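For clarity, every value in this text was computed on a predicted model and none was experimentally measured. In what follows, every chain begins at residue 1, and chains take the letters A, B, ... in the order their sequences are listed.
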2 protein chains.
Amino acid sequence: MLGERDADSLSLRELARAVGVSATSVYRHFPDKEALMTALALEGLAQLGAAQRTASEAVGGGAAGFRETGRAYVRFALANPALFRLIFASPALLVGGVKSDLGSEAHDLLQANAAAAAARGGGKPEVQAVQAWALVHGLAMLMLDGQVAVDDELIDKAIC
Amino acid sequence: MLGERDADSLSLRELARAVGVSATSVYRHFPDKEALMTALALEGLAQLGAAQRTASEAVGGGAAGFRETGRAYVRFALANPALFRLIFASPALLVGGVKSDLGSEAHDLLQANAAAAAARGGGKPEVQAVQAWALVHGLAMLMLDGQVAVDDELIDKAIC
DNA sequence: TGCTCATGATAACAGCGTAAACATTGGAGG
DNA sequence: CCTCCAATGTTTACGCTGTTATCATGAGCA
C-alpha cells in the first residue's frame, strides 16, 4: 500500500480492511499507529542500506563506490517515495543510532566512506559525512516534492 | 500556533476555537484546509526569501553572500520548523514556479547566485543551483528530523 | 480434562474535515 | 431614508479516524 499512497493518508482501519481483519485487531500486535509505522520504516531503512551496498559493490567500492551509494540513495527515494518519507518522518527511528542491526547498514556505509574520502582528499570525516548526506538527502527531498525536475542525468552530475 | 506545534497536528477546529469562531466559519474564507495551509506556506516562503536577502546583503553579496543565503536557509528552518516543513509539504506551492511575487524571492536569489558562481568558478549554472539548494535543504531536513545534531559551527563548515 | 494466553470481534467515544441550511448585518443603490 | 444583497457567521449532521473497554474463541500445555 505504501507503493501507491503516501503514509499519512493511510489509515489504520483501511489497512485492517485490506488485510480482512477488524480495525482494532492491529492493537494486538502494535501499541498504536505510530509503532506500526516505525516498524515499516525500519524495514525500509534496511532496504535502503542494502540498495546502497549493492550499488557500491557493483563498481568495486572506493571513491566511485561512495558516489554510487549517494546515487542509490536518491534512486531509492524516487522509487519508494512514501517509504522514504516515512523513514525520516519516524521520530522514534534515528537513523544513526538505531538499535537493530537491520537499520544500521546505510549509516555504517556513510561513516566508512566519509572516513576514506577524508583520508584521500583531506577535510574532517564528520564534515565530509554530513555534506554528502545532506546533498543526497536534499536532492531526494526536492525531487520528491516536485521542486526539482526528476532527471537521472542531473542526479549523476550533482553527485560528484 | 505553527511556532509551537507542527502543521499536521493542527486541526481546523482547534484553530477556529483559538480564534473564537465556529469551526465551519473557516470555509467562508478558504475552500478547504489545504488552501489555508497553502496560504500560510506562501507567507512563510516570503519570510524565507527576505531572511536570505538580508543575510546576503549583510556581507555585501558576491560569493560570501551566496554562502550566507545558504546559512540563512538552514537557520530559518531551525527557527521555524513547522513553517519550513509546511512550505515544502504544500503540493500546490512549487517554490520555483510560484505565481505571486511574494514567494519568488528565495528562488530568484538562488538562480542569480548560481549563475554568478558558475561564471566565477566554472560549471553549469543549473547544476550549481541544484547542488547548493540540495545541500542546504538536506542539511536543514536532517537537522529538523534529529538525524544530524544541531550545531551552528557544523552549518558553517558544511556550507562552503 | 481444564486452564491460560494469544488473538480475534463488537461497541462505544471523542475528535476530525466537510456539507447543507439558516441567521445576521453592514453598506451600496434607488 | 429605505431596501436589498452579499459577506460572514452559526447550528446541525455525516462519515471517517484512532483508541479503549469488554467479550469470544480456540490452541497448547498441566
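Counting heavy atoms from C-beta outward, L45(A) and E105(A) have side chains that stay 4.5 Å or more apart. The side-chain heavy atoms of T38(A) and F30(A), taken from C-beta on, include no pair separated by under 4.5 Å. The shortest distance between side-chain heavy atoms of L48(A) and N80(A) does not fall below 4.5 Å. A 4.5 Å side-chain heavy-atom check between Q131(B) and C160(A) finds at least one atom pair inside the cut-off. Between E126(B) and L154(A), every side-chain heavy-atom pair lies at or beyond the 4.5 Å cut-off. L40(B) has its side chain within reach of L36(B): a pair of non-hydrogen atoms, C-beta onward, lies under 4.5 Å apart. Side-chain contact check for M37(A) versus L10(A): some heavy-atom pair is nearer than 4.5 Å. Counting heavy atoms from C-beta outward, Q52(B) and F76(B) have side chains that stay 4.5 Å or more apart.
Phosphate contact (OP1/OP2 of dT7(C), side-chain N/O of S25(A), threshold under 4.0 Å): absent.
Rounded to an integer number of Å, the gap from F30(B) CZ to dT18(C) P is 13 Å.
Considering only side-chain atoms of T24(B), the nucleotide from dC22(C), dT7(C), dT18(C) that sits closest is dT18(C).
Of the residues near DNA chain D, R28(B) and D32(A), the one whose nearest nucleotide (by heavy atom distance) lies more toward the 5' end is R28(B).
Remark: E68(B) engages R71(B) in a salt bridge, criterion side-chain N to carboxylate O under 4.0 Å.
First and last contacts of DNA chain D with chain B, using any nucleotide atom under 4.0 Å from a protein heavy atom and ordered 5' to 3', fall at dT8(D) to dA13(D).
Interface residues of residues 10-21 of chain B facing DNA chain D, ordered by number: R13(B), V21(B); criterion, heavy-atom separation under 4.0 Å. Taken residue by residue, residues 1-8 of chain A places no heavy atom nearer than 4.0 Å to DNA chain C.
Using a 30° and 60° split on the angle between ring planes, H137(A) and Y73(A) fall in the perpendicular class, above 60°.
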